[in-house]
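Only heavy atoms go into these numbers, but all of them, side chains included; no hydrogens, no water, no symmetry mates. As the structure lists them, so they are numbered: ligands from 1, and atoms in each ligand from 1.
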Amino acid sequence: MQRFDVIVIGAGPAGASAAYVAARAGLRVALIDRKTFPREKLCGGLITGRARRHYAEIFGHEMPFDPQDRKTTVDFRYRGQPVGLIEDAPALCATMRWDMDAMLCGHAMAAGAQDYTGHAVAEIDCDARRVTLKDGAILQYEVLIGADGVNSQVARALFGQPFDRQRIGFGLEIEARGAHLNPAGPIRIDLAAAQWGYGWVFPKRCSTTVGVGGLLSENADMKQAMSAYCEMLGIDAADLHVKGQFLPFGDFRKMPGQGAVLLAGDAAGLVDPITGEGIGYAMQSGQLAAKAALAALNAGRPQTALSHYRRALRPVHRALRMARLIRPVIFLPALEPGFARAFRRSSTLRHEYLRLMAGEVEYGQILTRLVLRLPRLGLLALRARF
Ligand SMILES: Cc1cc2nc3c(=O)[nH]c(=O)nc-3n(C[C@H](O)[C@H](O)[C@H](O)COP(=O)(O)OP(=O)(O)OC[C@H]3O[C@@H](n4cnc5c(N)ncnc54)[C@H](O)[C@@H]3O)c2cc1C
């Protein structure tokens with residue numbers, strides 16, 4: 001039996017960050033993923049300023065980007081109609097997860113994490129603090145970090161189910177190539193392409209990522225929303241492989257673990273309920289989980305890891321709660337036309353939204369300004385309705 005201070009399951013942004021931080025602190029770390037890297041991950045791959053800040057803080061250098069991947073033009077639409085083309089938006093970076101996650105995972109291994117990629121987990125025994133791999137190997141831990149994504153096996157071991165279907169989001173995506181390839185094109189966001197969600201076009205060097213996503217409970221037929229969106233964009237999706245995945249669109253876990261078992265990233269539901277951004281929160285929570293593990297281990301009390309972690313996660317939970325409060329103003333069908341109209345008219349609102357998307361402004365600031373604007377937004381919504 002192999003013994004570790006920390007076992008991390010899942011080597012995406014959350015797990016790689018957690019393993020890197022724990023290994024750098026001198027802990028014995030195992031990083032398990034059922035896939036070998038590089039691997040596919042369904043995602044828009046859009047990196048915000050928030051994600052770049054967390055990356056730099058964790059890994060000690062700026063996230064490397066090809067200048068071509070830097071996007072500062074955003075084309076906003078509502079039901080296909082232009083509501084604002086912003087050419088000086090705060091920079092967003094259009095990456096492929098194939099490359100980015102392999103880089104993150106590489107950082108963790110270089111820091112000393114033991115490489116268990118390509119290994120599936122057969123069983124997690126939280127009482128015995130043991131993880132059994134499908135090949136029969138048994139690994140013992142002091143602290144376990146579940147960073148195994150939205151369908152988390154660790155969350156299932158703790159709570160019986162990884163998420164609540166009534167509160168989860170769902171996204172569909174294609175990678176369009178050929179005639180649709182325009183690496184220099186703007187980022188396009190289509191409000192109302194899905195209910196309580198949106199559609200997106202992210203042009204990249206080797207493909208254009210096109211998708212729709214929104215709350216699952218409000219979108220009985222997401223495939224139909226995707227077909228309609230592709231048709232509107234003039235893309236024949238018949239020959240393209242449409243892939244789908246759950247997205248914890250604001251449905252975060254108030255209790256992100258139990259004792260010596262912590263959940264990070266999507267496994268803890270840490271995705272922005274308005275923009276769908278999850279990579280930045282994944283890296284941040286991975287880092288915080290590793291620090292919580294270290295504090296608990298240094299105190300000789302691994303079972304206190306969760307209380308350290310919950311304290312550290314408070315600002316993230318607060319931000320997600322505020323975003324959930326703001327979300328109806330943007331997505332509630334009765335208010336959506338009013339929001340689109342206000343968006344078209346107000347360059348301040350457009351720039352605020354973009355700063356939000358880019359992770360340059362926090363929800364607390366937005367909420368304060370929104371409360372001041374509510375009477376006007378309400379009036380616009382009423383005018384749009386009657
Ligand atoms: C359609 C769509 C578009 C999105 N677009 C964006 C975007 O543009 N920008 C953004 O910031 N966020 C986006 N997100 C959200 C983002 O993809 C996630 O929030 C982010 O990947 C979370 O990182 P993670 O490390 O928690 O999980 P993941 O990236 O999902 O990594 C989990 C890892 O765990 C491994 N794993 C799973 N189960 C097991 C197991 N039992 N045993 C071993 N290994 C296991 C998986 O192989 C995987 O490598 C999007 C999501 C979707 C669905």
Side-chain angles (χ1 to χ4, degrees), residues 7-19 30-52 54-55 71 92-98 100-102 104-105 116-124 131-134 145-157 162 168-175 187 189 194 197-202 204 209-214 216 222 226 242-249 252 263-272 275-286 289 357-359:
I7 292 182
V8 182
I9 303 183
S17 303
L31 180 55
I32 306 172
D33 200 294
R34 61 180 170 205
K35 301 274 177 65
T36 50
F37 286 66
R39 58 101 177 85
E40 295 286 353
K41 158 73 180 95
L42 190 78
C43 182
L46 205 65
I47 301 293
T48 65
R50 181 188 293 117
R52 291 200 303 275
H54 290 306
Y55 177 95
K71 305 278 170 192
L92 292 159
C93 292
T95 61
M96 296 303 287
R97 293 289 298 271
W98 175 268
M100 192 185 81
D101 288 19
L104 295 174
C105 185
Y116 281 94
T117 54
H119 288 269
V121 172
E123 199 194 349
I124 300 163
V131 174
T132 307
L133 302 180
K134 287 237 166 98
I145 299 178
D148 47 346
V150 66
N151 289 304
S152 172
Q153 194 174 348
V154 181
R156 212 172 296 140
I168 195 95
F170 194 78
L172 288 172
E173 266 185 353
I174 52 163
E175 295 295 334
I187 281 174
I189 302 289
Y198 61 97
W200 60 88
V201 179
F202 299 159
K204 298 175 187 173
T209 309
V210 177
V212 293
L216 184 65
M222 192 69 90
M226 182 68 179
V242 182
K243 292 186 192 166
Q245 194 174 14
F246 290 106
L247 174 72
F249 214 31
F252 67 86
L263 298 171
D266 276 14
L270 302 175
V271 169
D272 186 300
T275 64
E277 178 196 358
I279 298 169
Y281 287 126
M283 290 193 284
Q284 182 184 12
S285 59
M357 261 185 80

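Residue Arg52 comes nearest to Cys93 through the heavy atom pair NH1-SG, 3.9 Å, listed as atom of the first residue, atom of the second, then distance.
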Run through all N or O atoms in ligand 1 and write down each protein N or O closer than 3.5 Å, as a pair with its distance.
{"residue": "ligand 1", "atom": "5 (N)", "partner": "Gly44", "partner atom": "N", "Å": "2.8"}
{"residue": "ligand 1", "atom": "8 (O)", "partner": "Gly45", "partner atom": "N", "Å": "3.2"}
{"residue": "ligand 1", "atom": "8 (O)", "partner": "Leu46", "partner atom": "N", "Å": "3.0"}
{"residue": "ligand 1", "atom": "9 (N)", "partner": "Leu46", "partner atom": "O", "Å": "3.0"}
{"residue": "ligand 1", "atom": "11 (O)", "partner": "Gly278", "partner atom": "N", "Å": "3.1"}
{"residue": "ligand 1", "atom": "11 (O)", "partner": "Ile279", "partner atom": "N", "Å": "3.0"}
{"residue": "ligand 1", "atom": "12 (N)", "partner": "Gly278", "partner atom": "N", "Å": "3.0"}
{"residue": "ligand 1", "atom": "17 (O)", "partner": "Lys41", "partner atom": "NZ", "Å": "3.4"}
{"residue": "ligand 1", "atom": "17 (O)", "partner": "Arg97", "partner atom": "NH1", "Å": "3.2"}
{"residue": "ligand 1", "atom": "19 (O)", "partner": "Asp266", "partner atom": "OD1", "Å": "2.6"}
{"residue": "ligand 1", "atom": "21 (O)", "partner": "Arg97", "partner atom": "NH1", "Å": "2.9"}
{"residue": "ligand 1", "atom": "21 (O)", "partner": "Arg97", "partner atom": "NH2", "Å": "3.0"}
{"residue": "ligand 1", "atom": "25 (O)", "partner": "Pro13", "partner atom": "N", "Å": "3.2"}
{"residue": "ligand 1", "atom": "25 (O)", "partner": "Ala14", "partner atom": "N", "Å": "2.9"}
{"residue": "ligand 1", "atom": "26 (O)", "partner": "Asp266", "partner atom": "N", "Å": "2.9"}
{"residue": "ligand 1", "atom": "29 (O)", "partner": "Arg97", "partner atom": "NH2", "Å": "2.8"}
{"residue": "ligand 1", "atom": "41 (N)", "partner": "Gln153", "partner atom": "OE1", "Å": "2.5"}
{"residue": "ligand 1", "atom": "44 (N)", "partner": "Arg34", "partner atom": "N", "Å": "3.1"}
{"residue": "ligand 1", "atom": "47 (O)", "partner": "Asp33", "partner atom": "OD1", "Å": "2.7"}
{"residue": "ligand 1", "atom": "49 (O)", "partner": "Asp33", "partner atom": "OD1", "Å": "3.4"}
{"residue": "ligand 1", "atom": "49 (O)", "partner": "Asp33", "partner atom": "OD2", "Å": "2.6"}
{"residue": "ligand 1", "atom": "49 (O)", "partner": "Arg39", "partner atom": "NE", "Å": "2.9"}
{"residue": "ligand 1", "atom": "49 (O)", "partner": "Arg39", "partner atom": "NH2", "Å": "3.0"}

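Among residues two or more places apart in sequence or in another chain, the ring-ring contact (aromatic ring centres under 6.0 Å, His included) test is passed with Phe249 by none. Judged as a ring-ring contact (aromatic ring centres under 6.0 Å, His included), and not counting sequence neighbours, the contacts of Phe252 are His317. Remark: Glu277 engages Arg50 in a salt bridge (charged side-chain N to carboxylate O under 4.0 Å, His left out) (not counting sequence neighbours).
Distance check, rounded to the nearest 0.5 Å: CH2 of Trp98 to CZ of Arg39 gives 10.0 Å. Summarising the geometry, atom CG belonging to Leu172 is positioned 11.0 Å from atom CD belonging to Gln245; distances are rounded to the nearest 0.5 Å.
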